[in-house]
Asker: 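Take this structure, written in structure tokens, and hold onto it; I'll ask about it next.
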4 protein chains.
Amino acid sequence: MARPPRDTKRAPSGERKVFRRRQEILDVAARIFYEKGYDATSTRDIAEAAGLLKGSLYYYVETKEDFLFEIIRTSHEGALATLERVRLFEGDVLQKLACLVREHLAYFVQNLVTTSVYFREFRVLSPERRAIIAAEGDAYLEFVRSLLFAGQRDGVIAPEIDVRLVSIGLVGMLNSAWLWYQPGGARSTDEIADEFVKVIVAGVASNGAFDTAGSASKLRSAAVERPVAALPRQD
Amino acid sequence: MARPPRDTKRAPSGERKVFRRRQEILDVAARIFYEKGYDATSTRDIAEAAGLLKGSLYYYVETKEDFLFEIIRTSHEGALATLERVRLFEGDVLQKLACLVREHLAYFVQNLVTTSVYFREFRVLSPERRAIIAAEGDAYLEFVRSLLFAGQRDGVIAPEIDVRLVSIGLVGMLNSAWLWYQPGGARSTDEIADEFVKVIVAGVASNGAFDTAGSASKLRSAAVERPVAALPRQD
Amino acid sequence: MARPPRDTKRAPSGERKVFRRRQEILDVAARIFYEKGYDATSTRDIAEAAGLLKGSLYYYVETKEDFLFEIIRTSHEGALATLERVRLFEGDVLQKLACLVREHLAYFVQNLVTTSVYFREFRVLSPERRAIIAAEGDAYLEFVRSLLFAGQRDGVIAPEIDVRLVSIGLVGMLNSAWLWYQPGGARSTDEIADEFVKVIVAGVASNGAFDTAGSASKLRSAAVERPVAALPRQD
Amino acid sequence: MARPPRDTKRAPSGERKVFRRRQEILDVAARIFYEKGYDATSTRDIAEAAGLLKGSLYYYVETKEDFLFEIIRTSHEGALATLERVRLFEGDVLQKLACLVREHLAYFVQNLVTTSVYFREFRVLSPERRAIIAAEGDAYLEFVRSLLFAGQRDGVIAPEIDVRLVSIGLVGMLNSAWLWYQPGGARSTDEIADEFVKVIVAGVASNGAFDTAGSASKLRSAAVERPVAALPRQD
DNA sequence: GATGAATGAGGATTCATTCAT
DNA sequence: GATGAATGAATCCTCATTCAT
């Protein structure tokens, strides 16, 4: 018999009910933010959609921004969690890369509303909160980089590739999904992912080297200081 | 040589003066939108930065949204104009593709403020105005597609690539630049572009084909109905 | 005796309270509109007079025009309601006509503020709202007409009278009351009404159908202090 | 050869031109006030309709209210001038009364725009200006009264009538014309006037003093399409 | 847990008016 | 005579937030 996870002092079912209600409201809020944008959404909109009055929201939350933060944090953490599956994936670097692409896109698709809110509204968060998300988010980019570095070490990824820049581009590409993915589209997520995998892996793999000698200038290895946020970070 | 009949004394310099002042204000507005976001920017912020009073802005503009629209439209049209240079570029498809990547990134870098405002705030535009931009914007994606199709016809681009999806991914990748590009970064735009070119071209080129057969599921050829917006479109 | 199931504890007194407060504010607004005119009255004026802040008005109303509409609608419906008493009045057509004049004037006098606001500001209402009022309002004129027509049928009203035109003139005359009626004037409403009755009935009655002397109460000769402006004056 | 009336020191034609232009602008303003109401009309509306810019109006006028005052004053003086014709009319009191009704209505019809503006907007004038108009205006009512008193002296007007009240009612009736008169209506002004004359004269005349049948011109029975609003309707 | 009533600061916008040119 | 650019005060309205009940 599982115990209620935390804070069990009393009124366990009561507390859980509040928790559930709160989650309901957050879901409602996410959907409205998704549809109208954060700034264009009033607390009244949220309250009405959740079936209570404006003022009553403040039982669950302290400021309107709290809604946004909770939504973004949850979305972000979910995205980071997909990395775990990539880590556990058995295969070489290229296969892991393919796995990452698939997981990333799958997560987007399954969480389109919150993911979109995250990407659209990240910047309205307070600097402090932005920093919290950003810190976690760097881990994602770091993971991609380490994957690419490992691939170079293993010889399956072209050595002339600038890992920092390419990882940014790759993540940027995947992160654009919320802008074009259509829930009822003609392709399954898997099909979309496969297509991306094809191009990305071919792009970075060493055995498929394309002679870009002519067009590429000599690359110094200096890093781009403030690269793309990680998976879901956008600032 | 006859002089233009009337309006000559005042109108040209006069009209130009309003025009110039208006442009000044638009530039100021763009910068503030860039720094604080559209919704967080008050008309008073703009007015003060431009050296007039709140109300005086309305001599140049009818609504606050007009500022945004003007900024976005200009940014968007500038981006579309880069396609002309790609069209005129002499070379095969892969070289043209490389050219497009360079021009795209160069435009972003040189117009970071307006481009960023465009991407961040596109959705606050009224549906009508969004539609205006979107309509023009489809041309960009269409161009990329025709380029890839031509490459497949010429045999330089892998035939198994789904042009629609890949063009979306490619454009999505380039469009993410505003999120990570740092004006004073260690890399020149050319270097960054070269890096992207390397990966992209390698990714789509047929001669460097990577065997993705294992990872790719069977692809049906149905199109994605409403794929990513064009270059600068985002909705 | 079962109590109404829910909402009973709070709702009735609660709802009534808002309702009452709203009515208070409407009354205050009517008075200020009466004194300064609608356009010259700011929401701040209303709020201050009602003892709240500008913004707080919008808890009770959605736009400033709502105040006006509510005032006018109430005034209008009250006026229409007087017709009921005329309908129930026992007597011949001429006596009913006399009754109508008295009721009409009595209503004006007892509701001078709202009636005046109605007449002064009717045109600032939106076309939609104007139409709502107007639709109801036609009933009044229609009633007067049917009364006059009935009188012609009965032979008590001169057959050569154009009922449509005369009813307009009659109503126009009564409706001018708000322009000249003085609350503290030397004449009672009854006396004023009698005077009008005399002239109107004499004006429309067939020869000999109405005994002027009988219907008039004893008139004192005191003047109405601030009567209607002259020809075109209206204040 | 008539000399320019006043202020002939110099630039007679120049001054006249300004005068004419000013009158043009006043006419334009009157029409817009008539259509939209004074408060809803901006100086820009007037300027545009007159073919110049907002600021340029102030060459002709010092404040927006000046437009209104000029319009109302002109309208008012024109109305008063009709009294002259009534004074000169040869006939007994009842005939003079009939003449007054006709002149009054004729003036309204021929000056519907300015008359309506006068009635609608009189109250937005400053107290000082209102007083100016009002002072002149009392003469009108005074004239009507003296007419009725004379009629009582001559025995053609019923002695039991309260002249003050009845004159108010009579004028109120005539003054309501702007609310219901329709330029393209089925009745001529004369026909309308005759109808009013019939009732009014019958209403005030001593028994048998006035032959109703004789004074009325032949009446067609066509209806007035959009007559006065109902009781409290005013549009 | 939720409501109802209000707050108070700030928002975009309007507009009569001015005045140097 | 008219323009163009700006003023500055006022306007209606929005909205996140509070708190006694």
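Every chain is numbered from 1 and lettered A, B, ... according to where its sequence line falls, protein lines coming before strand lines. Worth saying up front: this structure is predicted, and the values here are computed from it rather than measured.
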Asker: Check ring pair (Phe, Tyr, Trp, His ring centres under 6.0 Å) between B:F69 and all other residues, then give those that pass, not counting sequence neighbours.
Answerer: none

Asker: Ignoring the backbone of A:Y60, work out which of E:dA2, F:dG1, E:dA12 is nearest its side chain.
Answerer: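 From the listed options, E:dA2 comes nearest.
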
Asker: Report the residues that fulfil ring pair (Phe, Tyr, Trp, His ring centres under 6.0 Å) with D:F67, sequence neighbours left out, ordered by chain and then residue number.
Answerer: none

Asker: I'd like to check the side chain to side chain contact (heavy atoms under 4.5 Å, CB included) partners of B:S116; sequence neighbours left out, ordered by chain and number.
Answerer: B:Y34, B:L112, B:W178

Asker: Within this structure, what is the CZ-to-C1' distance between A:R16 and E:dG1, rounded to whole angstrom?
Answerer: 19 Å

Asker: Please compare B:E62 and C:I25 by the position of their nearest nucleotide in DNA chain E and report the one closer to 5'.
Answerer: C:I25

Asker: Using whole Å, report how far CD of C:E65 lies from P of F:dC12.
Answerer: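 Whole-Å distance recorded here is 13 Å.
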
Asker: Round to the nearest Å and state the distance from C:R22 atom CZ to E:dA5 atom P.
Answerer: 12 Å

Asker: Using the ring pair (Phe, Tyr, Trp, His ring centres under 6.0 Å) criterion, which residues pair with B:Y58? Sequence neighbours excluded.
Answerer: none

Asker: Let's test your reading of the pairing rules: Watson-Crick or G-U wobble, both distances under 3.5 Å, then write DNA chain E as a dot-bracket string with ( ), [ ], | and dots.
Answerer: .||||||||||||||||||||

Asker: Check whether any side-chain N or O of D:Y59 sits under 4.0 Å from OP1 or OP2 of F:dA2, and answer yes or no.
Answerer: no

Asker: When you measure from the side chain of A:K36 to the backbone N and O of A:D45, does any donor-acceptor pair fall under 3.5 Å?
Answerer: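 Not a single qualifying donor-acceptor pair exists.
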
Asker: Would you please name every residue forming a side-chain hydrogen bond (donor to acceptor under 3.5 Å, both in side chains) with A:S126, sequence neighbours left out?
Answerer: A:E128

Asker: Among all residues two or more places apart in sequence or in another chain, which pass the salt bridge (Lys or Arg N to Asp or Glu O under 4.0 Å) test with B:R31?
Answerer: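 B:R31 satisfies salt bridge (Lys or Arg N to Asp or Glu O under 4.0 Å) with B:E35 once adjacent residues are dropped.
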
Asker: Ignoring the backbone of A:R21, work out which of F:dA5, E:dA2, E:dT17 is nearest its side chain.
Answerer: E:dA2

Asker: Under the salt bridge (Lys or Arg N to Asp or Glu O under 4.0 Å) rule, collect the residues that match up with B:D27, sequence neighbours excluded.
Answerer: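 Partners of B:D27 under the salt bridge (Lys or Arg N to Asp or Glu O under 4.0 Å) test: none.
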
Asker: Got a sec? Which of residues 38-58 of chain B come in under 4.0 Å of DNA chain E, heavy atoms?
Answerer: B:T41, B:S42, B:T43, B:K54, B:G55, B:Y58

Asker: I'd like to know if C:E24 pairs up with C:R20 as an ion pair, taking the criterion as any Lys NZ or Arg NE/NH1/NH2 lying under 4.0 Å from an Asp or Glu carboxylate oxygen.
Answerer: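 Salt bridge: no.
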
Asker: Can you check the D:L68 CG to E:dA16 P distance for me, whole Å?
Answerer: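 After rounding, the gap between these two atoms is 13 Å.
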
Asker: Given atom CD of B:E24 and atom C1' of F:dA5, what is their separation to the nearest angstrom?
Answerer: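 Interatomic distance, CD of B:E24 to C1' of F:dA5: 13 Å.
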
